[in-house]
Amino acid sequence: NFESDVDNCLVDGTTVINCTYGFFSQGVTISAGTAIKFTNFHGENCDTLISAYQLYFPVGTTPLTQNILFSNFTGKNCGLLDGAIKFERATNIGIFNGSITNDTSYNSGNIDAFIIGHANHINIKNVELYGSCTSILNATPIAGGGADALSGFDIDVTHVGTVDSYIDST
């Protein structure tokens, strides 16, 4: 868990097994470049594999400014708590080149949402989910998560399995 005043931090080649939040960051101050890079990582049996909360950004920040980058990752049996990827009042996040596989031994292979939360300027590219889920993107407000808008999402997700709805915003 990384919090405020982090700059040019690299977390590379890490494996996390049997945890609540695999890779988590909050309250990071925007810098000229990417403040934190999580790359080449693997999570197994994580309730939520990737989480980003309360990330602050100055006025005029664009979606191309990535405050936190998650890339080149794999996950197995992740997402049972609040989705495999969770945002709460987050902004300027890049998630690239990863896959999560949930087999039938993990809650019968079914999770609520693949991506959940409220955020702005989120880029998700070349990410795959293998397994069933209620929704690919759940934009329903999270309890205690504030009323931040969901906007600026650019999502490229491949899904293999059953899904009830692609987007849930109830």
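Residue indices begin at 1 and follow the sequence shown.
- For N107, there are no side chain to side chain donor-acceptor pair (under 3.5 Å) partners, not counting sequence neighbours.
- Atom CD1 of I85 and atom CD1 of I124 lie 5.0 Å apart (nearest 0.5 Å).
- Between V16 and G22, the shortest heavy-atom contact is CG2-O, 3.9 Å.
- Across every non-hydrogen atom of N138 and A113, the tightest pair is CB-CB, 3.6 Å.
- Taken to the nearest 0.5 Å, the OG atom of S105 stands 7.5 Å off from the CG atom of N45.
- Shown here are the salt bridge (Lys or Arg N to Asp or Glu O under 4.0 Å) partners of D103, two or more places apart in sequence or in another chain: K76.
- A side-chain contact (heavy atoms from CB on, under 4.5 Å) with V163 is found for exactly one of L129, I136, N110, namely I136.
- T74 meets the side chain to side chain donor-acceptor pair (under 3.5 Å) test with H42; sequence neighbours excluded.
- The line from CZ of F23 to CD1 of I50 is 8.0 Å long, rounded to the nearest 0.5 Å.
- At a threshold of 4.5 Å between non-hydrogen side-chain atoms, the residues L81 and Y21 count as touching.
- In terms of hydrophobic clustering, with Ile, Leu, Val, Met, Phe, Trp and Tyr side chains grouped at heavy-atom distances under 4.5 Å, Y166 and I122 are assigned to a common cluster.
- Looking at residues two or more places apart in sequence or on another chain, you find a ring pair (Phe, Tyr, Trp, His ring centres under 6.0 Å) between F70 and F38.
- Distance check, rounded to the nearest 0.5 Å: NE2 of H159 to OG of S135 gives 10.0 Å.
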Trace of the side-chain contact (heavy atoms from CB on, under 4.5 Å) decision for V127 with I115: CA-CA 11 Å; V127 175; I115 304 163; over 6 Å; no
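- Looking at residues two or more places apart in sequence or on another chain, you find a side chain to side chain contact (heavy atoms under 4.5 Å, CB included) between L10 and D12, K37, T39.
- Identified under the salt bridge (Lys or Arg N to Asp or Glu O under 4.0 Å) test for residues 128-137, with sequence neighbours left out: none.
- Remark: the backbone N or O of C78 is paired with a side-chain donor or acceptor of N102 at under 3.5 angstrom.
- For S132, the side chain to side chain donor-acceptor pair (under 3.5 Å) criterion is met by T162, not counting sequence neighbours.
- Here the CD1-SG distance, from I17 to C46, works out to 8.5 Å after rounding to the nearest 0.5 Å.
- With sequence neighbours excluded, the residues that form a side chain to side chain contact (heavy atoms under 4.5 Å, CB included) with N97 are N72, N126.
- Sorted pairs that involve residues 14-26 and meet salt bridge (Lys or Arg N to Asp or Glu O under 4.0 Å), not counting sequence neighbours, are lacking altogether.
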Test T48 against F24 for side-chain contact (heavy atoms from CB on, under 4.5 Å), laying out the working first. CA-CA 9 Å; T48 299; F24 180 87; over 6 Å; no
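- Hydrophobic cluster of V160: the remaining members, joined at side-chain heavy-atom separations below 4.5 Å, are Y130, listed by chain and number.
- Partners of D156 by salt bridge (Lys or Arg N to Asp or Glu O under 4.0 Å), not counting sequence neighbours: none found.
- Clustering of Ile, Leu, Val, Met, Phe, Trp and Tyr by side-chain heavy atoms under 4.5 Å joins Y106 with L80, I111.
- If you take CD1 on I68 and CD1 on I95, they are separated by 9.5 Å, rounding to the nearest 0.5 Å.
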